2 protein chains.
Amino acid sequence: MSDKSCGPVARAVLQQCLQARLQVKAAQEHCDAEWVEVGRGMVIYVCFFKGATDDILPKMVSTLLNLRLCESESGRMVSVLELPGSVLVVPQATLGGKAKGRVMQYHNNIGKEDGLRLYTAFVALCQQEVAGVTLKHGTYGNRQVLKLDTNGPYTHLVDF
Amino acid sequence: MSDKSCGPVARAVLQQCLQARLQVKAAQEHCDAEWVEVGRGMVIYVCFFKGATDDILPKMVSTLLNLRLCESESGRMVSVLELPGSVLVVPQATLGGKAKGRVMQYHNNIGKEDGLRLYTAFVALCQQEVAGVTLKHGTYGNRQVLKLDTNGPYTHLVDF
């Protein structure tokens with residue numbers, strides 16, 4: 001299948017936020033749910049496809065964190081690191097879906113084990129890069145209960 | 001350029017919501033900002049590329065409104081119309097961007113005049129299809145100030 005060799009191995013959707021709150025642990029019988037929260041900055045939704053390897057991660061992290069997508073006080077477009085803003089990473093396997101009739105199919109998504117490994121490495125590499133900027137992230141495999149407050153999400157798609 | 005003929009002519013990003021609030025008119029000297037609000041349902045971010053024509057709209061609307069992406073009370077996946085849920089349409093030209101170095105370029109985006117015409121027709125066609133379901137939409141060309149409350153956005157991308 002020719003499109004397998006030229007299709008993306010990872011996908012990110014970026015949204016700007018004033019504040020974002022993400023559940024990282026669901027409530028249980030004797031425990032309240034746990035949440036992480038970031039202020040002004042960027043939400044990175046991320047998904048890996050079959051064929052993705054660790055090789056792609058440095059380029060992904062460098063591209064996503066350095067794109068000039070944030071409006072500074074003076075109206076100039078700067079990166080989330082330059083702003084400086086916070087970063088919230090959200091694992092989002094649904095991004096790998098393809099519409100087939102009335103359902104989404106996820107045949108190109110990476111397996112759960114490799115997905116978790118790449119996601120964990122992606123977050124760790126982001127942590128290294130952001131140095132001094134707040135970075136929070138969702139729990140792989142969880143339902144990503146998210147509350148988002150924006151001054152315009154300026155939703156972007158970046159395939160790798 | 002061969003990729004012009006096979007690239008998408010429109011792009012939608014879908015997010016599930018419990019509630020969403022969108023500014024449709026910015027505050028002015030003697031006027032408060034105006035907002036629209038929807039309850040549980042789906043946010044459709046939409047962007048048109050060069051080459052898009054009205055021909056694509058019926059397929060887009062039918063696909064987006066009938067995809068089974070919403071979890072019913074019983075846990076079954078149903079469409080937003082079957083839920084029944086609300087729909088919020090958000091014009092989002094940034095979805096057409098392509099990363100080039102540290103900036104996003106929008107060379108493939110449709111012109112503003114054609115974009116407004118297609119967006120308006122898209123919203124009108126959605127209105128027709130949803131019959132009885134609440135549909136709200138953003139103002140083309142505005143900053144889309146958005147507040148989103150989700151139980152998991154389950155972000156999907158659908159290209160046309």
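Bear in mind that the values here come from a model prediction, so they are computed numbers and not experimental data. Each chain gets a letter, A, B and so on, in the order its sequence line appears, and its residues count up from 1.
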Any residue of residues 145-160 of chain B which, by heavy atoms, sits under 4.5 Å from chain A:
Val145(B), Leu146(B), Lys147(B), Leu148(B), Asp149(B), Thr150(B), Asn151(B), Gly152(B), Pro153(B), Tyr154(B), Thr155(B), His156(B), Leu157(B), Val158(B)
Most contact-rich option vs chain B, by heavy-atom pairs under 4.5 angstrom, among Arg143(A), Gln144(A), Gln15(A), is Arg143(A)
Are Leu125(B) and Met60(B) grouped together when hydrophobic residues (ILVMFWY) are joined by side-chain heavy atoms under 4.5 angstrom apart?
yes
Is Leu69(A) reachable from Val13(A) through a run of I, L, V, M, F, W or Y residues, each pair having side-chain heavy atoms under 4.5 Å apart?
no
Mind checking what makes ring pair (Phe, Tyr, Trp, His ring centres under 6.0 Å) contact with Phe122(B), not counting sequence neighbours?
none
Under the side-chain contact (heavy atoms from CB on, under 4.5 Å) rule, collect the residues that match up with Val9(B), sequence neighbours excluded.
Ala52(B), Ile56(B)
Between Arg102(B) (side chain only) and Arg68(A) (backbone N and O only), is there a donor and an acceptor less than 3.5 Å apart?
no
Would you please go through residues 16-42 of chain B and name the residues with a non-hydrogen atom below 4.5 Å from one of chain A, in numerical order?
none
Taking all non-hydrogen atoms of both residues, which atom of Ala99(A) and which atom of Leu67(B) are closest, and how far apart?
CB-CD2, 4.1 Å
Tell me whether Tyr45(B) shares a hydrophobic cluster with Leu135(B), the cluster being built from Ile, Leu, Val, Met, Phe, Trp, Tyr side chains joined at under 4.5 Å.
no
Please determine whether residues Leu83(A) and Val133(A) belong to a single hydrophobic cluster, defined as Ile, Leu, Val, Met, Phe, Trp and Tyr linked transitively by side-chain heavy-atom distances below 4.5 Å.
no
Following the transitive rule for hydrophobic clusters with a side-chain heavy-atom cut-off under 4.5 Å over Ile, Leu, Val, Met, Phe, Trp and Tyr, establish whether Val89(B) and Leu118(B) coincide in one cluster.
yes
